[in-house]
Amino acid sequence: PDGTVRYTTNTNGGPMFVYVKDGRIVRMTPIVLDETDAPSWSIQARGKTFTPWRKSTLSPHASALKSMVYSDKRLLYPMKRVDFDPDGERNPQNRGISGYERISWDEALDTVASEIKRMKKEHGPGAIAIPMPSHHQWGNIGYYLSALLRFGNLIGFTRVHPNPDSWEGWYWGAMHHFGGSLRLGVPSFYGTVEDCLQEAQQIVFWSSDPESTNGLYAGFEGTQRRLWAKELGIEFVHIDPHLNPTAQLLGGKWISIRPATDAALATAIMHVWVAEGLYDKQYVADRSTGFDEWRDYLLGSTDGVPKTPEWQEGETGVPAHVCRALARSWGSKKTYLSAGGLGAGWGGACRSATGSQWARCMILMMAMQGWGKPGINFGNLQFGAPLDYEFYFPGYAEGGISGELAFTASGINNYQRMPHLITMNPVKQMIPRQRLPEAIVEGHSKGFMWDGSSMEAQFAPFEYPMPGYSKIHMLYRYGGSSFGTIAKSTRFEQSYRHPSIEFVVNQSIWFEGDAKYADIILPACTSFERWDISEWANCAGYIHHNNAQLNHRIVTLQHKAIEPLGESKSDYQIYLEILHRLGLGAMFSEGCSELDWCKRVFDSTDLPKYIGWKEFVKKGYYVLPAEPEKTRTAVSMRWYAEGRPKDIPEPHPLPSQFTEEFGKGLETQSGKLEFVSSSLLRGQADNPERPALNRYIPAWEGPHAKELFEKYPLQMISTHPRYSFHTYGDGKDSVLNDIDDHRIFIDGYYYWVMKINPEDAAKRGIRHHQPIRVFNDRGSVIFVADVSPLVGRGLMKTFESNADFDPVHTHGTDGVSDRSGCANVLTSPRPQQQGTEGMAANSCLVEMQPWTPPAGLKS
Amino acid sequence: MKKWNLIIDVAKCENCNNCMLTTRDEHVGNDFPGYAAPQPVHGHNWIKIHRKVRGQDGMVDAAYRPTTCNHCDNAPCIKAAGDGSVYKRADGIVIIDPQKARGRMDIVSSCPYNAIFWNEELQLPQKWIFDAHLLDQGWKQPRCQQSCPTGVYWAVQVEDAEMQDLVKKHKLEVLRPELNTKPRVYYKNLYRFSKCFIGGSVVAEIDGILDCIPGARMMLKRAGQEIASAQSDTFGDFKFDGLDPDSGDYQVEAVHPDLGSAKAAVTLVDSRYLGLLRLQQSESSTRAAG
Ligand SMILES: Nc1nc2c(c(=O)[nH]1)N[C@H]1C(S)=C(S)[C@@H](COP(=O)(O)OP(=O)(O)OC[C@H]3O[C@@H](n4cnc5c(=O)[nH]c(N)nc54)[C@H](O)[C@@H]3O)O[C@H]1N2
Ligand SMILES: Nc1nc2c(c(=O)[nH]1)N[C@H]1C(S)=C(S)[C@@H](COP(=O)(O)OP(=O)(O)OC[C@H]3O[C@@H](n4cnc5c(=O)[nH]c(N)nc54)[C@H](O)[C@@H]3O)O[C@H]1N2
Ligand code: SF4
Ligand code: SF4
Ligand code: SF4
Ligand SMILES: [Ca+2]
Ligand SMILES: [Ca+2]
Ligand SMILES: [Mo+4]
């Protein structure tokens, strides 16, 4: 009625309608289901019937997207650094310092294409590295695991291999007690929404804030179910250094804990269970191995230290009587353990120096309580809704159009259902993502594999340089998130300026972060300005059935709602035009436009059984009917608790990984839950930081690091930003800047928020909403203080992943601080444990002081 | 005549800010002639989430209260405008006319709720219009309600008498009733924001070990008179909520059938966590420093 046209799109924060008028986006709203859309499921629990809202729920970063599309930080033209001359002086030392000038697309693409050729000719294979982030605008075509990998494979590149940053402690630790390698060590979740609502008496949220992280990509789909749990009188406990938004909303007992000490609390709880007989002895006897050794450790028979509630108090700050009360409550009630934001995995606690110890404890606790029995499982109602899990639609980890079989899950379904040209990266050389700066500056690096195909894949190190390959001399950086998301990120400034790096091209949507360190900038457009096709929250690969978080499975055609702004182009188009210059254009596109690829994806899925292409294009979305009640999935681990073959819809582990018969037992060597891990014994028996029998070993950066702790007595955690999706949404002049918990505007500058306790603030003369300088030996960052008892004494809590990097002279003669709030300037790049490649951002000691902008510092 | 009202449940707000963001989405860069001129990208919080953190280390809670234009029936802004540049529609919605109100900075300060913002560029006072332009096109709810993940908002179009029934039924309140502005925006569970609590944790030493004590009968007294009672929970915790700030002296008593009793006293200024109440068998119970 108002002259707008309604399009459909999909985002990291949920699918939306996009209303467009005169070529401009007017509004974006949730998808509201109508009578023609499939009916919703319902669940009966304790005499009540629960049915979800009939709309898509959106995350704040999705609600803010219009302002990001029309941001004045958009890159609208190709640009060249003013003092970069590919045929003369390149001035690498000025990256991040000198400004840019607009150039034509032809000049930009010609330069990039000729640099690619020059790299191969002058240095040989491996000279080009393509550092890519972990996330992306939604879709299967434009995704970095799709178009970018196809491009990369066609030119050959040194892979910057990510660490399993979301999983860390689960991958390097928990996995070794139960298997689950294809989920990188996190448990699965099928059937748990119904089981939890019907059976559970208590949910323990441990390092778990689903109201902030929305599981992953799931809007607020889990929220309503948690409110149902509250309505049913299920009790809540929250173990977190921060009274997080989930705890604020749901209420219950907040147990404020010192970061990275969780393994001590968990161990003491298990001590009480043993001492008071509050564990499932039958289950332990039938379904686990090695318990006696673990019991002896708990009781102190081996090391003379009984792991009592009193013992843990000095480490965790949790009063012994609270620990004991929790142990008894847990041992006597049917309890769901919500470990991490997924409920079944992740959590800031897995990204600390003791991350593996904690995640391992989570598995051991469930093993003692009868994991899989009714009302006893992992979860927080975020995952495991009663949906249809057979319907096939690809998730982004299936690699889209990449044709890449080694580093995506393409080979399982996608490649066979949508035959397309295989591509392969001939360069086997890799650099660990966390070590890229050292690889450049020091010329070598070593890391351990992120590979979920088996429990053993992680033990083998890989090194850079690899014999026979060139060192890297060109960076093709995609996006600009390094400063916000990688530990001790000032390292990137040095590495970008290193003389060995002859050429840096950056392909970004906004002028921020790494983009400011490029020689040539290629402006990409947003997903609103190009075609794509996708299912909400479907990642696939290592997150099989991530859509289990949703109330309705929704597949969308991501309409090209508006034309690309300025001269920006889709990433796909940029690659195509570069590859044309290398004679590889047709190889890349197979003659297809992005919309043609959407149709090919559509045809490869189960969707045509339900809706025709034309209708789908017109309507923009399809809601999959819920699973009939009779054929809903079984509950994860119920089969195991009952000694039956596995009966849930995940093809895990690989067939070869069963020790006895296919489908029976777990992936561990014994096929059982292992209190003493056989894979750790086999893989790294001599690693004192990762013993096969889990032990509480205090964090290497924390109160036990005596000297450092005297100098920097505050423990800082930097967790996932509630309002942006990592860097996506922050900065960019987006409307998220107007949220008090995201940024605070003072005298012309939006400062990043640091939550601190009133006592710590008073000691240092810091007032609420006053700018502060937070520092340690690694660097210095400006934040604004948010003073309240929402964090405990001695603790500080901020978000990681701000979008920009803004180094300014702020104190003393050469005192440089990042003013944009990069918490990762302060975090340590040391791996969690030797022999792993796990990050440990949440073990970080700092000091703070009030800060006033020095005269002359402009906003 | 059925008129619009908005009910806001403070207990359900989780500070996600979707309401604020989608209101911006609706108005930034969009001109709705007769309803509202474009909103500036920053600074104007037509809907604003306020935070209240209560308590101290040991027992803390937080609540969020969205505030916006109340669409007052007795609106100071309409009076201040004088010339109809701010007016009330028959359906109860208050609109600042984006043409007539140009240059009227004085209207901004007329709102006792600070709900009006000054648009410097357009020289225009602006505020939340209840998405009147969408309701007029047939929308059933404003965008803040559509995007809220927990159901905080409930826009109802009813006769005034029906609304008063809802007020009684749900114990709704308005902000600053003493001003007699007659808001059409009502709040549920406002105590989470405006009132205080007294809380504590009941413990006892049993065989030399300190334990949390559930099931103690808790009494809140004023001048010896019991005004509320409760039971300590799994962690020995109790909380008396809904008390007026700065309301003076209170006494708390804990009684347990087997473990004895404990007492504490407090002069209430703001929400207060009393720390541990140790049950003692003797008459004279004490309170540990909390
Ligand atoms: N301190 C601390 N650090 C952490 C964590 C922590 O808990 N604490 N968590 C870690 C975790 S779990 C993760 S997953 C990482 C995430 O770290 P990253 O993956 O580095 O962060 P993102 O912000 O997702 O990066 C995405 C980038 O890609 C760009 N981009 C997105 N879509 C497109 C597109 O269509 N085209 C182009 N050209 N560019 C695009 C974005 O602009 C952005 O620059 O951070 C890790 N870092
Ligand atoms: N809005 C939004 N949602 C996201 C993301 C985002 O960037 N923004 N990122 C997505 C991604 S990639 C991931 S991996 C997930 C991450 O999801 P999670 O790993 O679950 O999220 P975090 O915020 O790192 O941590 C959750 C909680 O752990 C607490 N915590 C931190 N350190 C400790 C500790 O030592 N002990 C205890 N007990 N608690 C601790 C934090 O206070 C926080 O409340 O979120 C996903 N969802
Ligand atoms: S032959 Fe055509 S498609 Fe292939 S690279 Fe040359 S111009 Fe591009
Ligand atoms: S809240 Fe303020 S702006 Fe809104 S009607 Fe009342 S007085 Fe006017
Ligand atoms: S959308 Fe709802 S929950 Fe979110 S801030 Fe607004 S009122 Fe609160
Ligand atoms: Ca089915
Ligand atoms: Ca095995
Ligand atoms: Mo992650």
Side-chain angles (χ1 to χ4, degrees), chain A residues 1-2 24-30 32 53 55 57-60 63-67 70 211 219-220 223-224 227 235 237 243 245-246 248-249 251 253-254 256 310 319-322 324-326 328-329 722-723 733-742 745 757-759 788-790 792-793, chain B residues 11-22 24-30 32 41-45 48-51 53-64 133-134 136-138 143 146-151 201 203-205 209-214 233-237 273 276:
Chain A
D2 61 354
R24 239 191 102 82
I25 298 172
V26 172
R27 69 175 63 88
M28 304 176 178
T29 74
V32 180
W53 313 103
K55 64 182 177 188
T57 51
L58 302 180
S59 302
S63 296
L65 267 163
K66 191 177 97 181
S67 71
Y70 294 115
E211 295 308 326
F220 285 93
T223 302
Q224 192 181 18
L227 292 174
E235 291 169 33
V237 177
L243 181 72
T246 304
Q248 293 173 20
L249 175 66
K253 177 71 174 175
W254 174 35
S256 171
E310 284 70 21
H321 58 273
V322 173
R324 193 171 279 111
L326 174 59
R328 289 177 182 156
S329 173
R722 186 173 198 214
Y723 301 99
D733 202 32
S734 93
V735 291
L736 295 176
N737 284 354
D738 286 67
I739 297 175
D740 285 354
D741 268 6
H742 188 71
F745 188 68
N757 186 271
E759 209 168 280
S788 85
L790 292 174
R793 273 168 279 181
Chain B
K12 282 188 185 156
C13 179
E14 60 157 301
N15 189 34
C16 75
N17 276 274
N18 263 351
C19 51
M20 178 278 260
L21 295 165
T22 50
R24 277 187 146 80
D25 179 78
E26 187 62 31
H27 287 283
V28 175
N30 289 337
F32 300 111
V41 63
H42 295 303
H44 278 214
N45 293 310
K48 166 91 185 164
I49 310 299
H50 297 266
R51 179 179 85 184
V53 180
R54 307 188 304 173
Q56 297 85 35
D57 297 350
M59 188 177 286
V60 183
D61 67 18
Y64 297 88
H133 63 304
L134 297 176
D136 289 352
Q137 287 172 36
R143 291 198 58 188
Q146 186 188 55
S147 64
C148 176
T150 57
S201 306
V203 295
E205 209 167 292
I209 287 179
L210 196 68
D211 266 326
C212 301
I213 304 301
D233 68 11
T234 305
F235 293 93
D237 290 351
Y273 175 58
L276 305 184

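Throughout, a chain's letter reflects where its sequence line sits, starting with A, and its residues are numbered from 1. Heavy atoms only: backbone and side chains are in, while hydrogens, waters and symmetry mates are out.
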Side chain, backbone, both or neither of A:Arg793 within contact of chain B (heavy atoms, under 4.5 Å): both
Close side-chain approach of B:Phe235 and A:Leu326, heavy atoms under 4.5 Å: yes
Which region of B:Asp211, side chain (C-beta onward) or backbone (N, CA, C, O), has a non-hydrogen atom less than 4.5 Å from a non-hydrogen atom of chain A, or is it both or neither? both
Heavy-atom closest pair, residues B:Ser147 and A:Pro30: CA-CG, 4.5 Å
Which heavy atom in A:Glu235 sits nearest to a heavy atom in B:Thr234, and how many Å separate them? OE1-OG1, 3.5 Å
Residues in ring pair (Phe, Tyr, Trp, His ring centres under 6.0 Å) with B:His42, at least two apart? A:Tyr750
Region of A:Thr29 that comes under 4.5 Å of a non-hydrogen atom in chain B: both
Tell me which of these, A:Lys55, A:Gln224, A:Arg24, A:Met28, has more heavy-atom pairs under 4.5 Å with chain B than the rest. A:Met28
If you tally heavy-atom pairs under 4.5 Å against chain A, which of B:Val28, B:Asp57, B:Leu210, B:Thr150 wins? B:Asp57
Between B:Asp237 and chain A, with a heavy-atom cut-off of 4.5 Å, which part of the residue counts as in contact: side chain, backbone, both or neither? side chain
With only heavy atoms counted, which part of A:Phe745 is less than 4.5 Å from chain B, the side chain, the backbone, both or neither? neither
So which part of B:Val203 gets closer than 4.5 Å to some heavy atom of chain A, the side chain, the backbone, both or neither? side chain
For A:Asp2, is it the side chain, the backbone, both, or neither that has a heavy atom closer than 4.5 Å to a heavy atom of chain B? both
When B:His27, B:His44, B:Arg24, B:Arg54 are compared by non-hydrogen pairs under 4.5 Å with chain A, the top option: B:Arg24
Which atoms of B:Val53 approach chain A - backbone, side chain, both or neither, heavy atom under 4.5 Å: side chain
Please rank A:Asp733, A:Val237, A:Thr246, A:Ile25 by heavy-atom pairs under 4.5 Å with chain B and give me the top one. A:Asp733
Under 4.5 Å from any heavy atom of chain A - which part of B:Ala63: neither
Do B:Cys212 and A:His321 make a side-chain contact, defined as non-hydrogen atoms from C-beta onward lying under 4.5 Å apart? yes
Turns out that what part of A:Ile739 lies under 4.5 Å from chain B's heavy atoms comes down to both
Name the member of B:Lys48, B:Arg51, B:His133, B:Met20 that forms the most heavy-atom pairs with chain A at distances under 4.5 Å. B:Arg51
Note: vs chain B, highest number of non-hydrogen pairs under 4.5 angstrom among A:Leu249, A:Asp738, A:Val26, A:Leu227 is A:Asp738
So do the side chains of A:Arg722 and B:Glu14 get within less than 4.5 Å of each other, counting heavy atoms only? yes
Using a cut-off of under 4.5 Å on heavy-atom pairs, state which of A:Ser63, A:Ser734, A:Ala320, A:Gly251 scores highest against chain B. A:Ser63
Enter the distance from A:Ser67:OG to B:Leu21:CG here, rounded to the nearest 0.5 Å. 8.0 Å
Taking all non-hydrogen atoms of both residues, which atom of B:Asn18 and which atom of A:Pro60 are closest, and how far apart? OD1-CA, 3.5 Å
Write down the atom of B:Cys16, the atom of A:Phe220, and the distance for their closest heavy-atom approach. CB-CZ, 3.5 Å
At a 4.5 Å cut-off on heavy atoms, which part of A:Arg27 comes close to chain B: side chain, backbone, both, or neither? both
CG-CG distance between B:Asn45 and A:Asp740, expressed to the nearest 0.5 angstrom: 7.5 Å
Answer whether the closest heavy-atom distance between the side chains of B:Asn15 and A:Gln248 falls below 4.5 Å. no
Could you state the interatomic distance from CG (A:Asp741) to OH (B:Tyr64), rounded to the nearest 0.5 Å? 5.5 Å
Pick one of side chain, backbone, both or neither for B:Ile213, based on which atoms fall under 4.5 Å of a heavy atom in chain A. neither
So which of B:Asn30, B:Ile209, B:Thr22 has the largest heavy-atom pair count under 4.5 angstrom toward chain A? B:Asn30
Under the ring pair (Phe, Tyr, Trp, His ring centres under 6.0 Å) test, which residues partner A:Tyr70, sequence neighbours left out? none
